[in-house]
Amino acid sequence: MNGIQLSNRLSNFPPYLFAEIDKKKSELRAKKIKFIDVSIGDPDIATPDGVIETLYKASKIKSNQKYALDQGSLKFRTAIKKWFKKRFDVSLCERSQILPLIGSKEGLIHFPLAYVNPGETILIPSPGYPGYRGAALFAGAKPYEMPLLAENKFLADLDKIPLSVRNRARMMYLNYPNNPTTALAPKKYLTEVVKFCRKYGIILAYDNAYSEIYFEEKPLSILEIPGAEEIALEFHSLSKTFCMTGFRVGWACGNPGLTAGLLKVKSNVDSGIFGAIQEAGANALSSQSAYVGKLRKTLKTRRDVFVSGLKELGFDEIYAGSTFYVWVRIPERFGSSIDMAEYLLMKKRIVATPGLGFGKHGEGFIRFAMTVDIDVLKKALKLLK
Ligand code: MLT
């Protein structure tokens, strides 16, 4: 049918970064051109066997073949509660403070629909996960970019947010361990964030998808910070921790009112998470801690090899503190991060993610994901010579 127009809402959307990169990968595949893919945070490592076995067995159970309750199964919520207590020493009520999600992205993007009116402002980190901008636009809100700069250790400088913006802002997205900069946030900083949000009545959407992908210092939950429970909802994902990206399962937790608001949106949008996936998720959280320890070791070895290889090649500004990304200042000979990504793709057959794709303050950087085997990373380093 000719003349079908996109809504104004969707026409304002920038193309989704990883869908665009995926298109380029498909073009290469169609031409049977081999390439090294270090673009998206989708690890090559298999999901724990116990999780798969649980999924298989649970999918044969008739009740799991029916609509799932939209607030998630009690079994999964109880597993989340126990994991959270053990990991962060934070007690959550499984009935009012935990909401399973079809992946943390789903919850992060639906969340503003519950609380933000058209025309209001949402504070988003730049560079930052592209979904935050999309979430603001879906809600008809105005995204305000908070720069994450190397000189501030990639922590958003709250003092620089103008008073007029603070007063209009309804929500703030924040994410540490940070994608893409790999930064961790110290307790002192998170305490300032909570104080700031409480003072200006800003809801904090704290994306903690990478909480288990650390190598030195253990990341915090925002809910460990006094007062956070009044204003924050924290988002977790099983994707990165248990290499379950395709399962689409995560959760939100924190303030009971905010949990209920998100549930109200979700109950109008989806019909719950496949029960067998929730059982698999419960197995991951309650029985797979050894797997996570091993995963961290593997990722650390990859990171160390890749970072020292980059240093030998003359890259001198490299950030690889946490998460499985390596965030690198592009050499001066490239005019932009897009130029460098194009060069890597066309000349070296390496697919990496240009910093600009994460927002304007990501310009000048490129991101490599340590989601391929060490031999592949070594091959990439050779190609970069
Ligand atoms: C990324 O590569 O930045 C993310 O892993 C993509 C995602 O989680 O959707």
Side-chain angles (χ1 to χ4, degrees), residues 13-25 35-45 47 101-111 124-138 148 154 173-184 205-214 219 234-252 281 295 299 302-303 306 319-328 337-338 341 344-345 350-359 361-363 365-372 376-377 380:
F13 265 62
Y16 192 70
L17 175 64
F18 295 106
E20 288 304 295
I21 294 177
D22 228 39
K23 256 195 235 155
K24 301 216 161 162
K25 291 192 266 195
F35 58 91
I36 293 177
D37 184 8
V38 279
S39 59
I40 190 163
D42 191 0
D44 59 327
I45 297 163
T47 304
L101 301 170
I102 308 173
S104 58
K105 179 181 183 182
E106 175 263 304
L108 283 161
I109 285 149
H110 281 138
F111 192 35
I124 61 169
S126 171
Y129 182 54
Y132 309 144
R133 173 180 297 278
L137 297 178
F138 269 134
L148 305 191
F154 299 113
Y173 283 100
L174 218 54
N175 156 239
Y176 295 100
N178 183 257
N179 172 22
T181 69
T182 83
L184 270 182
Y206 193 78
D207 178 0
N208 213 345
Y210 296 89
S211 70
E212 304 317 296
I213 314 297
Y214 60 88
E234 178 161 293
F235 293 79
H236 282 263
S237 168
L238 274 71
S239 292
K240 320 291 174 179
T241 310
F242 302 101
C243 301
M244 290 170 70
T245 51
F247 284 65
R248 307 315 305 141
V249 61
W251 74 87
L295 174 70
L299 294 173
R302 290 178 181 185
R303 176 197 71 163
F306 196 70
Y319 300 92
S322 57
T323 74
F324 40 53
Y325 304 115
V326 177
W327 183 242
V328 185
S337 58
I338 303 277
L344 292 179
L345 181 76
I350 296 173
V351 190
T353 312
L356 184 63
F358 297 97
H361 297 282
E363 184 49 285
F365 288 89
I366 193 139
R367 193 193 77 174
F368 299 96
M370 301 297 97
T371 46
V372 294
V376 183
L377 290 174

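Each ligand, and each atom within it, is numbered from 1 in the order the structure gives. Start at 1 with the first residue, then count along the sequence.
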(Q) I'd like to know if the side chain of K240 and the backbone of E212 have a donor-acceptor N/O pair within less than 3.5 Å. (A)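 No; zero donor-acceptor contacts below 3.5 Å.
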
Q) With a 3.5 Å cut-off and no angle check, do the side chains of H236 and E234 form a donor-acceptor pair? A)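 Distance-only check passes for H236 and E234.
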
In a simple table, one pair per line, please give the protein and ligand 1 atom names for every N or O pair closer than 3.5 Å, along with the distance.
unit_1	atom_1	unit_2	atom_2	d
ligand 1	2 (O)	G41	N	2.7
ligand 1	2 (O)	Y325	OH	3.3
ligand 1	2 (O)	R367	NH2	2.8
ligand 1	3 (O)	N179	ND2	2.9
ligand 1	3 (O)	R367	NH1	2.8
ligand 1	5 (O)	K240	NZ	2.5
ligand 1	5 (O)	Y325	OH	3.2
ligand 1	8 (O)	K240	NZ	3.1
ligand 1	9 (O)	Y129	OH	2.9

Q. Taking C-beta and beyond as the side chain, do T353 and I40 meet within less than 4.5 Å on heavy atoms?
A.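 Result no, sub-4.5 Å side-chain heavy-atom pair not found.
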
(Q) Before you tell me yes or no, could you show the steps for T245 and D42 under side chain to side chain donor-acceptor pair (under 3.5 Å), namely the whole-Å CA-CA distance, both residues' side-chain angles and the distance that decides it to 0.1 Å? (A) CA-CA 6 Å; T245 51; D42 191 0; 2.6 Å; yes

Q) Is a salt bridge present between D207 and K105, judged by a nitrogen-to-oxygen distance below 4.0 Å? A) no

Q. For K24, does the NZ atom have more than 12 heavy-atom neighbours from other residues, nucleotides or ligands under 6.0 Å away?
A.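 Result for NZ/K24: open.
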
